[in-house]
Amino acid sequence: MPTHQQRIRTLVQTLNRYAHEYYTLDAPSVPDAEYDRLYRELEALEAEYPQFRLPESPTQRVGGAVLDGFETVVHAVPMLSLNNAFSPRDDEMGAFDHAEFLAFDERVRKELGVSQVEYAAEPKFDGLAVSLLYQNGILAQAATRGDGTTGENVTENIKTVRNIPLKLHGEKQPALLEVRGEVLMLKADFAALNQRQLEAGQKPFANPRNAAAGSLRQLDSKITAQRKLHFFAYSIAQLSGAERLPESHIEELALLHELGFSLPEGYFGAYTGAAAVLREYERLAEHRPRLPYEIDGMVVKVNSLAEQQQLGFVSRAPRWAIAHKFPAEEALTTVEAIDVQVGRTGAITPVARLAPVFVGGVTVTNATLHNQDEVARKDVRVGDTVVVRRAGDVIPEVVRVLLERRPMQPVDLLGEQMEAKYEPFRLPETCPVCSSVVEREAGEAVARCTGGMLCQAQRAQGLIHFASRKAMDIAGLGDKQIEALVAADVLHSFADIYQLDIAKLQTIKDSKSAATKWAQNILDSIAQSRTPPLARFLFALGIRHVGESTAKQLAAAFGNLDTVRRAPEPILACLPDIGSVVAHAIAHYFRQPAQQKMLDDLLQHVAPQAAEPSPQTRAHAAPEQWLQRLPGIKLSEKRAAELWQLAGSLHALQTDQALPQEWQDWRKQPAHAALLQDIITFTEGLPESSADDVSGSLHPENHPIAGKTFVLTGTLPTLKRDQAAALIEAAGGKVSGSVSKKTDFVVAGEAAGSKLEKAQTLGVAVLSEEELLGMLGN
Ligand code: IVH
């Protein structure tokens with residue numbers, strides 16, 4: 001039986017090893033529960049035998065002591081600063097200008113009298129410098145940098161930083177070691193902390209650096225313990241009683257690693273000559289956005305400690321090192337205007353026009369404000385001073401407003417009451433490009449221009465969709481050709497496609513001779529597209545929410561374009577799988593005069609295939625159905641059925657004075673009366689359904705798949721997804737894009753992802769391709 005003291009020692013050693021594996025090596029060897037179990041055992045033993053408590057016990061990390069203030073610590077070796085080298089980037093080319101670093105390299109070479117220098121390079125961490133003093137291997141004191149000569153004693157707080165060893169690793173420990181390094185907060189821990197701050201109604205921290213500083217300077221170390229700080233070692237300030245002394249910076253780092261400290265894995269090393277250092281700089285700059293911690297440059301140090309000594313110091317900075325900074329990612333500027341941009345899909349994005357500012361290495365004059373909710377949340381207004389951020393290649397964005405700098409105007413004569421000079425920003429109600437209505441659907445962050453092809457901003461996109469394989473299938477007329485033709489002012493509308501000729505097509509090819517055959521092929525496929533199936537034509541129009549499957553529904557239900565165009569919104573909403581949002585989008589599209597004109601122009605050249613409306617449509621569009629879907633009156637299924645029973649005829653619905661008052665009030669309004677008339681005229685024009693197919697699906701044959709809803713996901717072994725979909729639809733089934741409780745089967749292939757998971761959680765039957773083919777009878 002080990003003694004309690006022995007058991008305590010073993011527990012401390014084991015727990016510290018586990019913690020090192022977890023926090024420093026990022027390679028835990030036991031589950032968290034095992035760690036917790038041993039930890040609780042240690043806690044209990046220490047409570048019973050406090051005389052055996054070890055200074056490096058992990059129980060020392062939870063914090064506890066509350067200080068009145070921090071004691072001052074005089075640094076035995078002053079904590080100096082680094083000279084900076086900046087590398088601005090060419091605005092257009094983006095290339096770095098390394099003149100300042102090259103000048104540093106030249107000075108070093110001259111002083112050492114060599115033609116090439118070996119440097120050590122590592123990240124310049126964006127945190128706080130601290131100094132850690134170990135006596136006989138035990139962490140004895142930790143101090144902040146302060147003014148470089150004296151700092152603050154933050155030992156209690158530093159003990160809570162999990163990847164700082166309380167006791168140095170290894171057998172033989174130096175009598176004295178002073179480690180320098182940076183305390184910081186990982187980006188992920190910062191994001192989580194700010195989330196908690198917001199949830200607790202507290203102010204979020206501006207950046208990880210501020211969060212780390214605020215956490216390290218807590219007088220109550222229990223708070224620091226909850227904050228998840230992280231430490232990277234970057235140098236040794238004092239070392240005595242060691243087995244061997246490092247001779248280079250890289251050897252110093254290796255020793256620190258052996259003693260249990262974290263290093264920036266994959267991002268430190270020795271490089272000979274300036275060119276090799278600069279390649280590493282550019283690699284680090286490129287990786288910067290992906291690193292789990294913030295850095296603001298690369299520190300380059302002469303690797304040999306002997307050469308460092310030879311170079312010495314000037315004022316308060318070493319001549320053997322330089323901070324090669326990255327272009328700052330954040331800067332202050334003012335908002336000169338807020339414009340809106342219309343994207344290729346009609347998305348309306350507010351954009352801040354900024355006083356030019358150099359940030360992230362380039363001059364920025366615009367920053368996205370994303371959407372109306374974001375503008376409101378940040379309350380960005382014209383005249384505001386804002387923080388802009390540009391990290392890596394991401395689009396510059398406005399991070400926040402400095403409210404204290406908002407331009408104000410006095411509202412009373414004494415100027416005591418002030419009011420902001422500019423109003424909060426609001427998105428326009430019409431599109432700045434084409435004046436069509438801007439709509440924002442419930443639950444959507446993005447507002448959109450409803451102009452579609454009428455809007456110049458969306459034209460190329462609309463034409464690309466129109467010509468695409470699943471739409472009009474015009475081979476040879478792809479993204480590139482269409483964009484070039486739109487740019488060359490040759491294409492404006494769908495109809496223009498049918499007025500293309502060889503000469504017009506050749507405007508976008510450099511060599512005319514080679515272009516003739518190419519142009520002729522395109523003209524041939526344009527000619528072939530003149531009599532498309534109605535479903536493809538409807539899909540090609542690019543009506544919002546009308547994907548392939550909705551287009552097929554519309555075509556199957558109404559048979560011909562004219563009927564689709566006339567269909568009133570409440571009737572559209574009665575079709576299976578078409579909800580109110582989709583019905584609104586369709587009806588709205590066909591009601592716009594400019595859209596109608598565009599369509600009529602197109603119909604001069606194209607004749608979609610036409611059939612009679614399906615006999616089922618009249619059943620789907622029965623009065624008790626569309627009554628539930630009228631605007632301005634909310635009738636439940638039951639009330640709609642009652643009303644229809646009371647009325648007994650369409651004519652009575654329009655005229656009967658004995659119907660419920662609510663209904664009479666509704667139909668009194670001229671717009672409602674007109675809609676009612678439209679619906680009646682429309683439904684009466686639909687063919688009568690025959691007695692036996694009233695309640696059937698759109699596909700009367702009694703196939704086991706008829707009426708069933710399928711979702712396809714993953715890669716099937718032999719069928720393409722659209723082939724599988726076509727087979728299902730041919731058998732009377734439906735194919736939907738998302739899994740819900742209404743889904744009957746999910747057909748899953750290889751690499752099926754979230755849809756398969758959802759099917760499993762909802763208990764929806766999952767089929768393989770083989771099983772599907774079996775059901776189809778193949
Ligand atoms: S070495 C004598 N290495 O930069 C110079 N400093 O401007 C000793 N820093 O206060 C500093 N990363 O907080 C060194 N890899 C790194 C660093 C680094 C960040 C900070 C440190 C120091 C400041 C000097």
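Atoms within each ligand, like the ligands themselves, are counted from 1 in listed order. Since the structure is predicted, the reported quantities are computational estimates derived from the model, not experimental observations.
When only modelled atom types and interatomic distance are considered, Y281 and H98 share no side-chain donor-acceptor pair under 3.5 Å. Judged by distance alone, the side chains of Q308 and H249 never bring a donor and an acceptor atom under 3.5 Å apart. For E56 and Q60, the side-chain atoms include no donor-acceptor pair closer than 3.5 Å.
Heavy atoms of P318 found under 4.0 angstrom from ligand 1 belong exclusively to the side chain. Under 4.0 angstrom from ligand 1, there are no non-hydrogen atoms of R180. Contacts with ligand 1 closer than 4.0 Å are made by heavy atoms of both the backbone and the side chain of L82. Contacts of M79 with ligand 1, taken as heavy-atom pairs under 4.0 Å, are absent altogether. When heavy-atom distances to ligand 1 are checked against a 4.0 Å cut-off, A317 has no atom that comes that close, whether in backbone or side chain.
For ligand 1, the atoms lying closer than 4.0 Å to a non-hydrogen atom of R145 are 10 (O). Taking a cut-off of under 4.0 Å to the non-hydrogen atoms of E122, the atoms of ligand 1 that pass are 15 (N).
A salt bridge links E280 to R283: at least one charged side-chain nitrogen sits closer than 4.0 Å to a carboxylate oxygen. Salt bridge R109/D105: present, at least one basic N to carboxylate O contact under 4.0 Å. In this structure, E397 does not pair ionically with R389, as no charged nitrogen and carboxylate oxygen lie closer than 4.0 Å.
Residue F313 has no nitrogen or oxygen atom sitting less than 3.5 Å from a nitrogen or oxygen atom of ligand 1, judged on distance alone. Considering backbone and side-chain N/O of S81, none are found under 3.5 Å from N/O of ligand 1. Note: no N/O pair closer than 3.5 Å links W320 and ligand 1 by distance alone.
Within a 6.0 Å radius of CZ in R217, other residues, nucleotides and ligands contribute 12 heavy atoms or fewer. Within 6.0 Å of the NZ atom in K228, the count of heavy atoms belonging to other residues, nucleotides or ligands does not exceed 12.
The heavy atom nearest to atom 21 (C) of ligand 1, considering only Y234, Y267, F232, F125, is found in Y234.
Summary of contacts: the protein heavy atom closest to atom 4 (O) of ligand 1 is K124 NZ, 3.1 Å. Atom 3 (N) of ligand 1 has its closest protein heavy atom at K301 NZ, 3.1 Å. Closest to atom 13 (O) of ligand 1 among all protein heavy atoms lies E182 OE1, 2.6 Å. Given atom 15 (N) of ligand 1, the protein heavy atom at minimum distance is P123 O, 3.0 Å.
For the pair H230 (side chain) and N163 (backbone), a donor-acceptor distance under 3.5 Å is absent. Checking side-chain atoms of T144 against main-chain N and O of G151 turns up no donor-acceptor pair under 3.5 Å.
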